[in-house]
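Both backbone and side-chain heavy atoms feed into the values below; hydrogens, waters and symmetry mates do not. FYI, the numbering just counts along the sequence from 1.
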Amino acid sequence: MYSTLLPIHSLFRWLVLLSLLYAIYRAYRGWLTQQPFTQLDDRVRHRTATIVHIQWLLGIILYFISPAVDYLWHNFREAVHQQDARFFGMEHASMMFIAVIVISLASARSKRQATDRQKFKTMAIGFSIGLLIILLSIPWPFSPLVSRPWLRGW
């Protein structure tokens, strides 16, 4: 199961990033040009948050079956000093959790704002902060913390 979910999680990150970028584009455009918040904007907001939640669910499942995380929790004193185990067992998981919370709150608050401009502004700022946290927490191939390939194969 781990060897199947890991490539899916790796591939799905691109959908998360693309949907966030598109939602952020629409939000800033609507906010700065004072456009009406349309049904399309609401669908983009909702679907982006849903895609992020699906990725989070995949990540939670991976967290509980990951050999690196298992090693961390069973050998904490030694493993906490090993970058791979610490990154995936603590740093990546906690930062992604924070990003999901930020994006979820921004989505929910945006939906409840009184004016279209406030909806766009809330979505733009919240989704941007969430995206920044995600970008900092992904194990990119060039990351000094832990590097992984652009796409994991099966």
Side-chain angles (χ1 to χ4, degrees), residues 1-32 37 40-73 79-113 117-154:
M1 186 157 131
Y2 180 77
S3 60
T4 302
L5 279 180
L6 191 60
I8 292 170
H9 186 66
S10 176
L11 181 63
F12 209 77
R13 85 171 133 179
W14 296 106
L15 184 57
V16 169
L17 295 173
L18 289 173
S19 66
L20 274 170
L21 287 171
Y22 182 63
I24 289 167
Y25 162 75
R26 290 196 63 87
Y28 276 104
R29 189 191 66 163
W31 176 24
L32 299 175
F37 196 85
L40 176 61
D41 296 311
D42 193 51
R43 280 196 307 268
V44 167
R45 175 202 57 79
H46 178 72
R47 288 187 180 149
T48 299
T50 301
I51 289 167
V52 168
H53 288 124
I54 291 168
Q55 178 72 333
W56 172 243
L57 181 61
L58 291 170
I60 288 174
I61 294 167
L62 278 171
Y63 186 85
F64 287 107
I65 63 175
S66 167
V69 174
D70 184 57
Y71 176 74
L72 173 76
W73 295 118
V80 77
H81 300 290
Q82 296 173 7
Q83 227 167 2
D84 251 24
R86 187 184 66 242
F87 179 79
F88 289 108
M90 297 168 68
E91 297 161 5
H92 178 73
S94 59
M95 293 299 286
M96 291 303 184
F97 180 62
I98 291 168
V100 170
I101 289 171
V102 168
I103 291 167
S104 298
L105 288 174
S107 177
R109 286 182 142 181
S110 174
K111 179 170 57 174
R112 291 173 177 78
Q113 293 298 323
R117 188 154 195 231
Q118 289 173 323
K119 289 179 184 191
F120 281 125
K121 181 180 177 182
T122 304
M123 189 170 128
I125 293 171
F127 281 20
S128 295
I129 292 169
L131 176 62
L132 179 63
I133 295 168
I134 288 171
L135 289 173
L136 292 172
S137 305
I138 291 175
W140 297 108
F142 51 82
S143 173
L145 300 173
V146 176
S147 64
R148 294 293 186 265
W150 294 103
L151 275 175
R152 283 202 173 258
W154 268 271

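- The side chain to side chain contact (heavy atoms under 4.5 Å, CB included) search around A99 returns I133, I134, not counting sequence neighbours.
- Here S107 pairs with R45 under the side chain to side chain donor-acceptor pair (under 3.5 Å) rule; sequence neighbours left out.
- The salt bridge (Lys or Arg N to Asp or Glu O under 4.0 Å) pairs that include a residue from residues 60-69 number zero, where partners must be two or more places apart or lie in different chains.
- The side-chain heavy atoms of W31 and I125, taken from C-beta on, include a pair separated by under 4.5 Å.
- Evaluation of the side-chain hydrogen bond (donor to acceptor under 3.5 Å, both in side chains) test over residues 87-96, restricted to residues two or more places apart or in two chains, returns R86-E91.
- Remark: I101 engages F97, L105 in a side chain to side chain contact (heavy atoms under 4.5 Å, CB included) (not counting sequence neighbours).
- For R47, the side chain to side chain donor-acceptor pair (under 3.5 Å) test picks out no residue, with sequence neighbours left out.
- Residues passing the salt bridge (charged side-chain N to carboxylate O under 4.0 Å, His left out) test with R13, sequence neighbours excluded: none.
- Using a 4.5 Å heavy-atom threshold, the side chains of L40 and R26 count as touching.
- By the side chain to side chain donor-acceptor pair (under 3.5 Å) test, Q83 pairs with no residue at all, sequence neighbours left out.
- Every side chain to side chain donor-acceptor pair (under 3.5 Å) that H53 has, sequence neighbours left out, goes to S104.
- L62 is listed as a side-chain neighbour of Y2, based on a closest heavy-atom distance under 4.5 Å.
- With sequence neighbours excluded, the residues that form a side chain to side chain contact (heavy atoms under 4.5 Å, CB included) with L57 are I61.
- Here side-chain hydrogen bond (donor to acceptor under 3.5 Å, both in side chains) pairs that include residues 122-144, with residues two or more places apart or in two chains, are Y28-S128.
- The side-chain heavy atoms of I65 and D70, taken from C-beta on, include no pair separated by under 4.5 Å.
- Partners of L15 under the side chain to side chain contact (heavy atoms under 4.5 Å, CB included) rule, at least two apart in sequence or in another chain, are F12, I51.
- By the 4.5 Å heavy-atom criterion applied to side chains, M90 and V80 are counted as neighbours.
- Contact of the Q113 side chain with the F37 side chain is not registered, since no non-hydrogen atoms from C-beta on lie closer than 4.5 Å.
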